[in-house]
Amino acid sequence: QVQLVESGGGLVQAGGSLRLSCAASGRTYSDYAMGWFRQAPGKEREFVVAISRSGGRTYYADSVKGRFTISRDNAKKVVYLQMNSLKPEDTAVYYCAACSGYRDYLNGDEYDYWGQGTQVTVSS
């Protein structure tokens with residue numbers, strides 16, 4: 001079992017930055033790849049970024065490449081999402097998720113555990 005709690009969301013102006021954190025509980029945290037997904041009002045949930053269990057591989061949606069950076073600290077059981085050059089279209093609830101095994105990390109249906117989400121609002 002893994003429990004995930006996101007933090008760090010808020011209101012920021014376009015061009016600004018935020019750093020999201022996702023704290024995990026559970027002894028086997030390092031056995032899970034971690035991902036961030038987001039869902040804007042009236043839209044489908046979409047993949048943002050994922051990181052492998054060791055942190056050696058990362059995967060980014062085209063819409064955030066060059067602006068967002070994912071990292072993880074397995075000792076602290078935390079995954080981070082640094083978001084720079086934010087745009088109004090980045091406004092959404094951001095969810096952290098954990099995926100066991102070697103799966104399609106871009107597919108939210110492959111993830112086993114989800115956090116409650118944190119709101120990110122980017123004003124123009």
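When a residue number appears, it is its place in the shown sequence, counting from 1.
Under the side chain to side chain contact (heavy atoms under 4.5 Å, CB included) criterion, D31 pairs with T28, not counting sequence neighbours. Partners of K65 by side chain to side chain contact (heavy atoms under 4.5 Å, CB included), not counting sequence neighbours, listed by chain and number: Y60, D62. Scanning for salt bridge (charged side-chain N to carboxylate O under 4.0 Å, His left out) contacts around R19 gives an empty result, with sequence neighbours left out. With sequence neighbours excluded, the residues that form a side chain to side chain contact (heavy atoms under 4.5 Å, CB included) with Q116 are V5, E6. Remark: R67 engages D90 in a side-chain hydrogen bond (donor to acceptor under 3.5 Å, both in side chains) (not counting sequence neighbours). When the ring-ring contact (aromatic ring centres under 6.0 Å, His included) test is applied to Y113, the partners found at least two apart in sequence or on another chain are Y32. With sequence neighbours excluded, no residue forms a salt bridge (charged side-chain N to carboxylate O under 4.0 Å, His left out) with D104. By the salt bridge (charged side-chain N to carboxylate O under 4.0 Å, His left out) test, R103 is found to be paired with D112, residues two or more places apart in sequence or in another chain being considered. Take Q3 and apply the side chain to side chain contact (heavy atoms under 4.5 Å, CB included) test, not counting sequence neighbours, and it matches S25. Scanning for salt bridge (charged side-chain N to carboxylate O under 4.0 Å, His left out) contacts around E46 gives R38, with sequence neighbours left out. Q82 meets the side-chain hydrogen bond (donor to acceptor under 3.5 Å, both in side chains) test with N84; sequence neighbours excluded.
A disulfide (SG to SG under 2.5 Å) check over residues 27-66, counting only residues at least two apart or in different chains, returns nothing.
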**Item:** Residues V120, L20; criterion side chain to side chain contact (heavy atoms under 4.5 Å, CB included); working and verdict
**Value:** CA-CA 9 Å; V120 171; L20 305 184; 4.0 Å; yes

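Atom-to-atom distance recorded for Y59:OH and S52:OG is 6.0 Å, nearest 0.5 angstrom.
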